Amino acid sequence: MSQSDTLVHLFAGGCGGTVGAILTCPLEVVKTRLQSSSVTLYISEVQLNTMTGASVNRVARVSPGPLHCLKMILEKEGSRSLFRGLGPNLVGVAPSRAIYFAAYSNCKEKMNNIFDPDSTQVHMISAAMAGAVHRSRCCLLSVAKC
(Lines give C-alpha, C1' and ligand atoms only; values in the text may rest on other atoms or scores of the structure.)
Protein backbone atom coordinates (compact mmCIF):
# COMPACT_ATOMS: atom_id res chain seq x y z
CA MET A 1 0.00 0.00 0.00
CA SER A 2 1.42 3.35 -0.97
CA GLN A 3 1.70 6.33 1.33
CA SER A 4 -0.99 8.17 -0.64
CA ASP A 5 -3.43 5.27 -0.04
CA THR A 6 -2.73 5.45 3.68
CA LEU A 7 -3.34 9.21 3.65
CA VAL A 8 -6.62 8.69 1.78
CA HIS A 9 -7.77 6.18 4.42
CA LEU A 10 -6.67 8.51 7.23
CA PHE A 11 -8.62 11.37 5.66
CA ALA A 12 -11.69 9.22 4.94
CA GLY A 13 -11.72 7.83 8.47
CA GLY A 14 -11.39 11.29 9.97
CA CYS A 15 -14.20 12.64 7.79
CA GLY A 16 -16.43 9.68 8.56
CA GLY A 17 -15.85 10.01 12.29
CA THR A 18 -16.53 13.74 12.12
CA VAL A 19 -19.81 13.34 10.23
CA GLY A 20 -20.90 10.55 12.57
CA ALA A 21 -20.15 12.64 15.65
CA ILE A 22 -22.03 15.64 14.25
CA LEU A 23 -25.09 13.57 13.36
CA THR A 24 -25.26 11.78 16.70
CA CYS A 25 -24.43 14.77 18.93
CA PRO A 26 -28.10 15.74 19.52
CA LEU A 27 -28.85 12.17 20.58
CA GLU A 28 -25.91 12.24 22.99
CA VAL A 29 -27.13 15.52 24.50
CA VAL A 30 -30.64 14.12 25.02
CA LYS A 31 -29.22 10.90 26.49
CA THR A 32 -27.00 12.81 28.90
CA ARG A 33 -29.86 15.05 29.98
CA LEU A 34 -32.10 12.07 30.60
CA GLN A 35 -29.41 10.31 32.62
CA SER A 36 -28.60 13.32 34.76
CA SER A 37 -32.11 14.70 35.05
CA SER A 38 -34.02 14.51 38.29
CA VAL A 39 -37.22 15.61 36.56
CA THR A 40 -40.09 13.31 37.28
CA LEU A 41 -43.65 13.82 36.18
CA TYR A 42 -46.30 12.87 38.71
CA ILE A 43 -49.46 11.59 37.13
CA SER A 44 -52.46 10.95 39.27
CA GLU A 45 -55.38 8.86 38.21
CA VAL A 46 -58.60 10.62 39.14
CA GLN A 47 -61.96 8.95 38.88
CA LEU A 48 -65.24 10.73 39.11
CA ASN A 49 -67.90 8.77 40.88
CA THR A 50 -71.47 10.05 40.95
CA MET A 51 -72.07 8.63 44.43
CA THR A 52 -68.91 9.60 46.35
CA GLY A 53 -67.45 12.39 44.24
CA ALA A 54 -63.87 12.44 42.97
CA SER A 55 -61.29 10.00 44.29
CA VAL A 56 -57.59 9.55 43.57
CA ASN A 57 -56.68 5.92 43.05
CA ARG A 58 -52.93 6.11 42.66
CA VAL A 59 -50.02 8.39 41.90
CA ALA A 60 -47.42 7.19 39.41
CA ARG A 61 -43.93 8.55 38.82
CA VAL A 62 -43.10 8.78 35.14
CA SER A 63 -39.78 9.97 33.74
CA PRO A 64 -40.01 12.12 30.62
CA GLY A 65 -39.14 10.34 27.38
CA PRO A 66 -36.50 11.30 24.83
CA LEU A 67 -38.91 13.18 22.57
CA HIS A 68 -40.25 15.21 25.51
CA CYS A 69 -36.68 15.98 26.57
CA LEU A 70 -35.77 17.02 23.02
CA LYS A 71 -38.82 19.28 22.85
CA MET A 72 -37.94 20.93 26.18
CA ILE A 73 -34.32 21.53 25.12
CA LEU A 74 -35.42 23.12 21.84
CA GLU A 75 -38.04 25.31 23.56
CA LYS A 76 -35.89 26.52 26.46
CA GLU A 77 -32.35 26.58 25.04
CA GLY A 78 -32.63 26.60 21.27
CA SER A 79 -31.24 24.31 18.60
CA ARG A 80 -27.58 25.27 19.22
CA SER A 81 -27.74 23.60 22.62
CA LEU A 82 -28.17 20.22 20.91
CA PHE A 83 -24.54 20.46 19.80
CA ARG A 84 -22.96 21.22 23.17
CA GLY A 85 -19.74 19.33 23.68
CA LEU A 86 -19.24 18.69 19.99
CA GLY A 87 -15.78 20.30 19.86
CA PRO A 88 -14.12 18.07 22.46
CA ASN A 89 -15.92 15.08 21.00
CA LEU A 90 -14.48 15.80 17.53
CA VAL A 91 -10.98 16.16 18.97
CA GLY A 92 -11.20 12.56 20.13
CA VAL A 93 -13.35 10.95 17.43
CA ALA A 94 -11.77 12.26 14.22
CA PRO A 95 -8.20 11.05 14.90
CA SER A 96 -9.48 7.84 16.43
CA ARG A 97 -11.53 6.89 13.37
CA ALA A 98 -8.72 7.99 11.06
CA ILE A 99 -6.23 5.69 12.79
CA TYR A 100 -8.72 2.82 12.83
CA PHE A 101 -9.46 3.07 9.08
CA ALA A 102 -5.79 3.35 8.13
CA ALA A 103 -4.82 0.41 10.35
CA TYR A 104 -7.70 -1.67 8.97
CA SER A 105 -6.76 -1.06 5.34
CA ASN A 106 -3.05 -1.74 5.95
CA CYS A 107 -3.75 -4.93 7.84
CA LYS A 108 -6.30 -6.06 5.24
CA GLU A 109 -3.72 -5.65 2.48
CA LYS A 110 -1.19 -7.77 4.38
CA MET A 111 -3.76 -10.44 5.32
CA ASN A 112 -4.88 -10.76 1.69
CA ASN A 113 -1.39 -12.11 0.94
CA ILE A 114 -1.70 -14.77 3.67
CA PHE A 115 -5.36 -15.88 3.45
CA ASP A 116 -7.88 -16.00 0.62
CA PRO A 117 -8.25 -12.42 -0.59
CA ASP A 118 -11.21 -10.58 0.96
CA SER A 119 -12.32 -13.64 2.91
CA THR A 120 -14.09 -13.56 6.26
CA GLN A 121 -10.82 -14.29 8.06
CA VAL A 122 -9.14 -11.32 6.40
CA HIS A 123 -11.89 -8.94 7.46
CA MET A 124 -12.12 -10.28 11.02
CA ILE A 125 -8.36 -10.27 11.65
CA SER A 126 -8.03 -6.81 10.11
CA ALA A 127 -10.85 -5.46 12.28
CA ALA A 128 -9.32 -7.03 15.40
CA MET A 129 -5.89 -5.62 14.65
CA ALA A 130 -7.29 -2.17 13.86
CA GLY A 131 -9.24 -2.29 17.11
CA ALA A 132 -6.08 -3.21 19.01
CA VAL A 133 -4.16 -0.34 17.42
CA HIS A 134 -7.05 2.01 18.19
CA ARG A 135 -7.26 0.84 21.83
CA SER A 136 -3.51 1.08 22.35
CA ARG A 137 -3.63 4.67 21.08
CA CYS A 138 -6.41 5.45 23.55
CA CYS A 139 -4.48 3.83 26.39
CA LEU A 140 -1.32 5.78 25.52
CA LEU A 141 -3.25 9.05 25.44
CA SER A 142 -4.96 8.38 28.77
CA VAL A 143 -1.59 7.55 30.41
CA ALA A 144 -0.08 10.72 28.95
CA LYS A 145 -2.87 12.79 30.51
CA CYS A 146 -1.94 11.55 33.99
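Computed from a predicted model, the values in this text were never measured in an experiment. By convention here, the first residue in the shown sequence is residue 1.
Remark: Glu109 CD to Asp5 CG distance equals 7.5 Å, nearest 0.5 Å. Rounding to the nearest 0.5 Å places CG of Asn106 at 11.0 Å from CE of Met111. How far OG of Ser119 is from CD1 of Ile125: 7.5 Å, rounded to the nearest 0.5 Å.
Val93 is not connected to Phe11 by any chain of hydrophobic side-chain contacts under 4.5 Å among Ile, Leu, Val, Met, Phe, Trp and Tyr, and they are in different clusters. Met129 is connected to Ile114 through a chain of hydrophobic side-chain contacts under 4.5 Å among Ile, Leu, Val, Met, Phe, Trp and Tyr, so both are in one cluster.
Ile73 and Ser81 make their closest contact through CG2-OG, 3.2 Å (heavy atoms, listed as atom of the first residue, atom of the second, distance). Among all heavy-atom pairs drawn from Pro88 and Gly85, the shortest one is CD-O, 3.5 Å. Nearest heavy atoms, Ile22 versus Phe83: O-CE2, 3.5 Å. Between Leu82 and Leu70, the closest heavy-atom pair is CD2-CD1, 3.7 Å. Smallest separation of non-hydrogen atoms from Ala21 and Leu86: O-CD1, 3.8 Å. Considering all non-hydrogen atoms of both residues, Lys108 and Val122 come closest at CG-CG1, 3.7 Å.
Put simply, the side chain of Phe101 does not reach to within 4.5 Å of the side chain of Ser105, judged on heavy atoms. Side-chain atoms of Leu74 and Ser79, non-hydrogen and from C-beta on, do get closer than 4.5 Å to each other. Side-chain contact between Arg97 and His134 is present, with at least one heavy-atom pair separated by less than 4.5 Å. Looking at heavy atoms from C-beta onward, Asn112 lies in side-chain contact with Asp118 at the 4.5 angstrom threshold.
Annotation: side-chain hydrogen bond (donor to acceptor under 3.5 Å, both in side chains) contacts involving residues 14-31, sequence neighbours excluded, comprise Glu28-Lys31.
With sequence neighbours excluded, the residues satisfying side chain to side chain contact (heavy atoms under 4.5 Å, CB included) with Pro66 are Val30, Leu34. Every residue meeting the side chain to side chain contact (heavy atoms under 4.5 Å, CB included) condition with Ala127, not counting sequence neighbours, appears here in chain and number order: Tyr100, Tyr104.
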For this session: Starting from the C-alpha separation in whole Å, work towards a yes-or-no answer on side-chain contact (heavy atoms from CB on, under 4.5 Å) for Glu77 and Met72.
Result: CA-CA 8 Å; Glu77 302 172 41; Met72 297 305 291; over 6 Å; no
